[in-house]
There are 2 protein chains.
Amino acid sequence: MPPHSSNPDEIIPDIVIGRLPIYLRALMRLSQEGREVTSSHELGRILGISSAQIRKDLSHFGGFGKQGTGYQIAYLEDKLRQVLQVNREWEIALVGAGDLGQAVANYRGFADRGFHIACVFDSNPQKIGKQSGKFVIQPMSELKETIISKGIQIAMIAVPAEYAQEVANQLVDAGIRAILNYAPISINVPDGVHVQYIDPVAHLQRMTYYLK
Amino acid sequence: MPPHSSNPDEIIPDIVIGRLPIYLRALMRLSQEGREVTSSHELGRILGISSAQIRKDLSHFGGFGKQGTGYQIAYLEDKLRQVLQVNREWEIALVGAGDLGQAVANYRGFADRGFHIACVFDSNPQKIGKQSGKFVIQPMSELKETIISKGIQIAMIAVPAEYAQEVANQLVDAGIRAILNYAPISINVPDGVHVQYIDPVAHLQRMTYYLK
DNA sequence: ATTTTCTTGTGCAAATTATCACACATCCAT
DNA sequence: ATGGATGTGTGATAATTTGCACAAGAAAAT
């Protein structure tokens with residue numbers, strides 16, 4: 001195999017994929033600061049990761065840097081976007097319009113980084129039809145049809161823990177391929193459906209262990 | 001070393017610590033459902049983790065189960081709380097009272113699981129003194145004194161990315177030992193200070209990689 | 001031109017993490 | 001009592017992940 005080229009058959013460890021958004025975040029900041037070039041060393045210092053790991057991670061996808069010089073920030077940023085497929089807009093379905101769901105719906109960070117909330121669902125008849133920010137809350141009965149007709153592949157769950165599994169089942173049935181779950185409970189989905197969790201309390205509990 | 005006893009000198013991998021809150025979450029659910037006993041197999045099925053891994057993780061802290069029977073849920077729950085030091089209340093300082101900070105301040109999940117937001121700070125003079133939920137927003141100038149006088153060890157950052165590092169510096173200076181950072185940026189802190197991140201977009205980007 | 005400095009990409013080794021598989025303990029049914 | 005079923009804790013093994021160290025390319029300095 002020639003140098004500086006990635007093997008398309010290679011299966012890349014998920015732990016590597018998980019670091020790419022972190023690299024992308026750092027690159028965005030650097031370019032925002034007007035910087036044009038960086039190095040694995042600098043990125044490592046910023047992120048608290050070894051430079052060797054950064055180079056090895058990036059090398060899975062090709063040789064993006066130049067010896068003696070480092071990485072062109074804009075170029076690497078673009079390449080990472082291609083790899084992660086975030087060089088486009090994604091539409092998201094949100095389930096749950098309680099306090100948590102409303103907060104998620106109004107969080108600016110999604111739209112700023114290419115994720116557009118396209119529809120919001122809730123089971124509470126009191127809420128159906130009401131405006132939540134820029135969204136009209138739809139009933140759960142419309143979930144499948146809406147998701148399919150809009151071709152949505154990503155959903156977020158912001159319902160109480162006891163309903164999260166049932167909601168996940170409905171989302172999978174509607175063809176959803178990726179779920180971001182804000183409910184503090186693990187959910188089961190078939191192979192091929194990806195799940196990530198947001199549980200701030202779990203993060204806090206992970207840190208209290210060290211507070212002797 | 002006798003069986004069923006943990007070695008207090010042993011350094012336990014952080015990745016193991018990171019799974020304990022997940023186990024605890026599952027145990028809480030099981031006991032809420034009225035269950036009294038479970039097994040590493042059942043937990044594994046619920047969580048999508050191998051039973052061997054669960055047994056080995058737990059064995060770092062002692063033998064909590066009984067051969068042939070499994071684990072008493074209430075007992076294991078209590079033991080995990082002891083290990084994680086969450087068998088008590090923790091007070092938290094919150095920095096940032098914008099949209100994100102307000103949402104965090106009003107999130108019920110913290111108090112429900114033993115984390116009590118004790119004070120809220122913001123640099124915007126317009127907001128100082130205003131009521132945000134049950135809190136009166138304090139100026140940044142009072143941060144250090146308030147944190148020290150209340151003996152707070154944990155803080156959450158919910159300010160724009162460009163201010164996150166400066167806020168982190170002030171928190172460290174005030175003696176904070178653990179930070180939950182909602183700003184989408186990596187921050188640098190001295191050894192001995194722990195940081196965890198909440199970045200929903202990073203989670204989404206990790207999943208879009210797989211959406212071919 | 002030549003040397004020095006810098007930095008990538010990568011083969012190899014080390015460290016970490018996960019899994020296997022089994023001795024031993026317990027319960028239950030008969 | 002006894003046999004079968006169940007399930008823990010753990011030593012050994014396998015797999016994964018990280019870090020080291022260096023050849024080679026590129027720029028800057030002399």
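Labels below follow one simple rule: chain letters A, B, ... track the order of the sequence lines, proteins then strands, and each chain is numbered from 1.
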Selection residues 35-44 of chain A - residue pairs positive for salt bridge (Lys or Arg N to Asp or Glu O under 4.0 Å), sequence neighbours left out: A:R35-A:E42
Separation of B:E10 atom CD from D:dT10 atom P, in whole Å? 10 Å
Within 45 degrees of the axis of the six-membered ring of A:F64 and under 6.0 Å from its centre: does A:R55 put its NZ or CZ there? no
Going by side chain to side chain donor-acceptor pair (under 3.5 Å), name the residues that satisfy it together with A:K150, two or more places apart in sequence or in a different chain. none
Tell me: CD1 of A:I15 to P of D:dG19, nearest whole Å? 11 Å
Going by the rule side chain to side chain donor-acceptor pair (under 3.5 Å), which residues pair with B:S123 if we only count those two or more places apart in sequence or in a different chain? none
For a quick check, with a 4.0 angstrom heavy-atom cut-off, what is the B/S/- contact string for nucleotides 24-29 of chain C, read 5' to 3'? BBBS--
Spell out, as yes or no, whether a donor-acceptor pair under 3.5 Å connects the side chain of A:H60 to the backbone of A:D57. yes
Qualifying residues under ring pair (Phe, Tyr, Trp, His ring centres under 6.0 Å), relative to A:H194, sequence neighbours excluded: B:Y210
Quick one, which residues of residues 70-85 of chain A touch DNA chain D with a heavy atom under 4.0 Å? none
Please test A:D199 against B:R113 for salt bridge (Lys or Arg N to Asp or Glu O under 4.0 Å), starting from the C-alpha separation and ending with a verdict. CA-CA 11 Å; A:D199 185 351; B:R113 290 157 79 191; 3.1 Å; yes
Just to confirm, is there a sub-4.0 Å distance from OP1 or OP2 of D:dT18 to any side-chain nitrogen or oxygen of A:S50? no
Specify the separation, in whole Å, of atom CD1 of B:I49 and atom P of C:dT17. 15 Å
Of A:P13 and A:R55, the one whose closest DNA chain D nucleotide lies more 5': A:P13
Nucleotide D:dG9, atom C1' - distance to CZ of B:F61 in whole Å: 15 Å
Could you tell me how far apart B:H60 (NE2) and C:dT16 (C1') are, to the nearest whole angstrom? 11 Å
Among all residues two or more places apart in sequence or in another chain, which pass the side chain to side chain contact (heavy atoms under 4.5 Å, CB included) test with A:E145? none
Contacts to DNA chain C from residues 19-45 of chain A, heavy-atom cutoff under 4.0 Å, which residues? A:S39, A:S40
Whole-Å gap separating C1' (C:dT7) and CG (A:L58): 13 Å
List in chain and number order the residues that pass ring pair (Phe, Tyr, Trp, His ring centres under 6.0 Å) with A:Y107, two or more places apart in sequence or in another chain; answer none if no residue qualifies. A:F110
Side chain to side chain contact (heavy atoms under 4.5 Å, CB included) with B:N169: which residues, sequence neighbours excluded? B:Q165, B:E166
Return the value, rounded to whole Å, for the distance between atom CG of A:D14 and atom C1' of D:dT16. 13 Å
Minimum-distance nucleotide to A:K56 side chain [options: D:dT18, D:dA12, C:dA21]: D:dT18
Nearest-neighbour nucleotide for the A:Q53 side chain, D:dG9, D:dA21, D:dT18 considered: D:dT18
Value in whole Å for how far the P atom of D:dT18 lies from CG of A:L47: 14 Å
Please name all residues satisfying ring pair (Phe, Tyr, Trp, His ring centres under 6.0 Å) with B:Y209, sequence neighbours left out, ordered by chain then number. none
Identify all side-chain donor-acceptor contacts of residues 90-106 of chain B below 3.5 Å with residues at least two apart in sequence or on another chain.
from   : atom 1 : to     : atom 2 : distance (Å)
B:W90  : NE1    : B:Q85  : O      : 2.8
B:E91  : OE2    : B:H116 : ND1    : 3.1
B:Q102 : OE1    : B:S132 : OG     : 3.2
B:Q102 : NE2    : B:A97  : O      : 3.1
B:N106 : ND2    : B:Q102 : O      : 3.0

Considering only heavy side-chain atoms of A:A52, the closest of D:dC20, C:dT17, C:dG11 is D:dC20
